[in-house]
2 protein chains.
Amino acid sequence: MKNRDYIPKATIERLPLYYRCLDKMAVFDGEEVVSSKELGGRLGIPSTQVRKDLSYYGEFGRRGVGYDVSGLKKSIGKILGVDRVWPAVLVGAGNLGRALVNYEGFNKMGLNIVSVLDADLGKIGNKIDDITVESIKEVERVVRDGSIELGIITVPGNAAQEVADELINAGIKSIWNFAPTRLIVPKDIIVRNEDLAVGIVSLIYHLSWNKHDKHGG
Amino acid sequence: MKNRDYIPKATIERLPLYYRCLDKMAVFDGEEVVSSKELGGRLGIPSTQVRKDLSYYGEFGRRGVGYDVSGLKKSIGKILGVDRVWPAVLVGAGNLGRALVNYEGFNKMGLNIVSVLDADLGKIGNKIDDITVESIKEVERVVRDGSIELGIITVPGNAAQEVADELINAGIKSIWNFAPTRLIVPKDIIVRNEDLAVGIVSLIYHLSWNKHDKHGG
DNA sequence: TAGATTGTTAATCGATTAACAATC
DNA sequence: TAGATTGTTAATCGATTAACAATC
């Protein structure tokens with residue numbers, strides 16, 4: 001595999017799309033070969049972008065032919081690291097936490113939420129799917145015993161930093177943060193913010209301006 | 001307000017962050033004036049980026065002084081269209097749908113989910129918050145009577161296109177799509193995909209390569 | 001061979017950052 | 001006035017797209 005420096009962030013966001021699409025093609029359509037044009041077409045991505053993205057990691061196709069569907073799927077899976085299972089601990093047993101635990105499709109991406117923690121005595125002991133909610137105080141044991149590197153934060157914004165600190169202290173390496181809070185973390189910890197409110201506002205923005213433009217603004 | 005052409009998408013994604021931060025500053029910290037450096041600092045965004053983003057829409061600050069916190073908040077709110085309430089219909093009364101209905105913080109961004117629909121007879125009639133789940137067959141009436149322009153899709157991937165068609169047919173103008181499916185829609189309909197699986201995979205990618213790099217790969 | 005499609009280089013496009021005059 | 005900070009132009013950086021030789 002090639003040098004991984006200078007790979008566009010956007011490329012890394014597209015690889016999972018390719019991966020999931022190839023999986024569908026292999027399972028449902030039984031296709032064996034796919035061109036960059038066909039794969040891109042299904043995702044609304046130019047063929048040239050598909051080829052460029054793949055080229056950062058190696059040569060996976062056959063000129064004049066295309067890509068082997070299950071072969072490429074396997075290769076991308078390996079690149080992404082979804083060829084193994086990554087256990088994760090989720091903190092915050094509210095509605096969103098519950099939704100993520102039950103979310104179909106994480107499985108296929110290598111994510112397995114193995115533990116749910118909360119500070120609220122009213123929630124500790126509850127069952128989500130087949131997981132029993134434990135106290136946040138157990139975080140160190142849970143992370144150690146499960147060799148967990150991934151933490152998911154679904155607590156309210158004002159509790160997020162404290163939870164992040166506890167997760168990091170317990171040995172977590174990456175955080176998926178659903179709270180609308182910028183977390184301050186050591187530089188070797190990777191944080192990804194999944195800020196739902198931002199998503200809806202960009203839609204509202206476009207709706208709003210369409211109105212302006214139509215009805216004079 | 002200035003010409004709205006050629007505004008970077010990234011700028012529109014940052015405006016909600018500024019908006020929410022200014023709101024916090026006004027409510028909790030009682031600050032009256034803020035510089036681009038201070039505002040950016042709280043969000044991890046360079047001051048020059050903050051000023052550039054705002055400059056697409058007008059002049060909101062005072063040289064040598066900074067920005068009036070509540071004034072700028074109001075201005076950005078107007079730009080984004082969150083100075084009014086946007087009613088929305090959500091389709092798919094599963095865990096994720098339930099989580100979104102209960103999500104704190106949409107309110108502040110002008111989103112109000114007023115109706116929840118589902119095709120599953122087992123879910124119709126259930127209550128989520130104070131909303132009773134209705135049949136998807138009611139979509140036309142609901143959208144018309146509520147003057148709803150915003151639809152949210154939280155159904156499984158294989159049902160998403162059909163639901164999108166029904167929403168569009170009923171008169172919806174924008175779709176927030178949580179299903180891992182590329183929707184095919186008329187070009188005047190705005191779609192935003194909120195693909196949760198992509199988010200986690202980019203974290204897994206970095207975790208995975210950190211391991212490679214450390215333990216020789 | 002002729003047609004198709006890859007992998008890659010070069011050109012273009014878009015977004016960020018630096019620099020600085022304007023001005024409070 | 002001196003110091004601070006904006007708004008904007010120009011320079012840089014990064015990502016996408018076009019073009020095309022390589023090759024199946």
Side-chain angles (χ1 to χ4, degrees), chain A residues 1-18 21-22 25 31-73 75-76 79 198 202 205, chain B residues 1-18 21-22 25 31-73 75-76 79 198 202 205:
Chain A
M1 220 160 274
K2 287 186 175 180
N3 182 354
R4 230 165 63 290
D5 295 342
Y6 316 120
I7 293 173
K9 288 193 193 77
T11 291
I12 295 160
E13 306 271 291
R14 280 187 296 264
L15 291 176
L17 302 179
Y18 302 150
C21 190
L22 289 162
M25 291 176 80
E31 289 192 55
E32 296 192 348
V33 169
V34 66
S35 68
S36 58
K37 200 176 161 198
E38 160 82 12
L39 180 56
R42 293 187 177 223
L43 297 163
I45 295 171
S47 66
T48 183
Q49 180 89 78
V50 173
R51 296 202 298 282
K52 177 108 255 214
D53 285 340
L54 296 175
S55 78
Y56 291 111
Y57 298 94
E59 307 192 359
F60 303 100
R62 288 214 303 152
R63 290 165 194 238
V65 180
Y67 302 87
D68 177 76
V69 171
S70 69
L72 184 58
K73 184 197 143 187
S75 298
I76 296 179
I79 292 166
V198 170
S202 83
Y205 172 86
Chain B
M1 221 161 271
K2 287 186 176 181
N3 182 356
R4 229 165 64 292
D5 295 342
Y6 317 117
I7 294 174
K9 288 192 192 77
T11 290
I12 295 161
E13 306 270 292
R14 279 186 296 263
L15 291 176
L17 302 179
Y18 302 150
C21 191
L22 289 162
M25 291 175 81
E31 289 193 57
E32 297 192 349
V33 169
V34 67
S35 68
S36 57
K37 199 175 161 198
E38 160 82 10
L39 179 56
R42 292 187 178 224
L43 297 162
I45 295 171
S47 67
T48 182
Q49 180 88 79
V50 173
R51 297 202 299 282
K52 176 107 255 214
D53 285 340
L54 297 174
S55 77
Y56 291 113
Y57 297 95
E59 307 192 0
F60 303 100
R62 289 213 305 153
R63 289 165 195 238
V65 180
Y67 303 88
D68 177 77
V69 171
S70 67
L72 184 58
K73 184 197 144 187
S75 298
I76 296 180
I79 292 166
V198 169
S202 83
Y205 172 86

Whole-Å distance separating the CG atom of A/Leu54 from the P atom of C/dT5: 16 Å

- request: Specify the separation, in whole Å, of atom CG of A/Asp68 and atom C1' of C/dT5.
  value: 15 Å

Greater than 12 external heavy atoms within 6.0 Å of A/Glu31's CD: yes

field: Identified pairing partner of D/dC24, criterion: Watson-Crick or G-U wobble below 3.5 Å
entry: C/dG3

- prompt: What's the shortest heavy-atom distance between B/Leu22 and B/Ile76, and which atoms?
  reply: CD1-CD1, 3.8 Å

- prompt: Expressed in angstrom and rounded to an integer, what is the separation of A/Lys52 atom NZ from C/dA10 atom P?
  reply: 11 Å

field: Within residues 36-43 of chain A, residues whose heavy atoms come under 4.0 Å of DNA chain C
entry: A/Ser36

Rounded distance (Å) that lies between atom C1' of D/dA22 and atom CZ of A/Arg63: 4 Å

- prompt: So, is B/Tyr67 close to the D/dG7 phosphate, meaning a side-chain N or O under 4.0 Å from OP1 or OP2?
  reply: yes

query: What integer distance in Å separates B/Asp53:CG from C/dT17:P?
result: 10 Å

message: Do B/Thr48 and B/Lys52 have side chains that approach each other closer than 4.5 Å (heavy atoms only, starting at C-beta)?
response: no

task: Show the numbers, then the answer: is there a side-chain contact (heavy atoms from CB on, under 4.5 Å) between A/Leu72 and A/Leu54?
output: CA-CA 10 Å; A/Leu72 184 58; A/Leu54 296 175; 4.2 Å; yes

message: Please evaluate residues B/Leu15 and B/Tyr56 with respect to the criterion side-chain contact (heavy atoms from CB on, under 4.5 Å), reporting the C-alpha separation (whole Å), side-chain torsions for both, the decisive distance (0.1 Å), and the verdict.
response: CA-CA 11 Å; B/Leu15 291 176; B/Tyr56 291 113; over 6 Å; no

- request: Respond yes when some side-chain nitrogen or oxygen of A/Arg51 is under 4.0 Å from OP1 or OP2 of C/dG7, and no when none is.
  value: no

Interatomic distance, A/Glu59 CD vs C/dT5 C1' [rounded to whole Å]: 13 Å

- prompt: Reckon B/Arg14 has a side-chain N or O less than 4.0 Å from the OP1 or OP2 of C/dT16?
  reply: yes

message: Can you measure A/Gln49 atom CD to D/dA18 atom P for me and round it to whole angstrom units?
response: 11 Å

- prompt: Is there a side-chain contact between B/Asp53 and B/Tyr18, using heavy atoms and a 4.5 Å cut-off?
  reply: yes

statement: note: B/Tyr56, atom OH; D/dT6, atom C1'; distance rounded to Å ~ 16 Å

message: Would A/Tyr205 and B/Ile7 count as a side-chain contact (heavy atoms from CB on, under 4.5 Å) here? Give the steps.
response: CA-CA 12 Å; A/Tyr205 172 86; B/Ile7 294 174; 4.0 Å; yes

message: My understanding is that a pair needs two contacts under 3.5 Å, Watson-Crick or G-U wobble. By that rule, which nucleotide pairs with C/dA19?
response: D/dT8

message: Does B/Thr48 reach a base, just sugar-phosphate, or nothing at all? Heavy atoms under 4.0 Å.
response: base

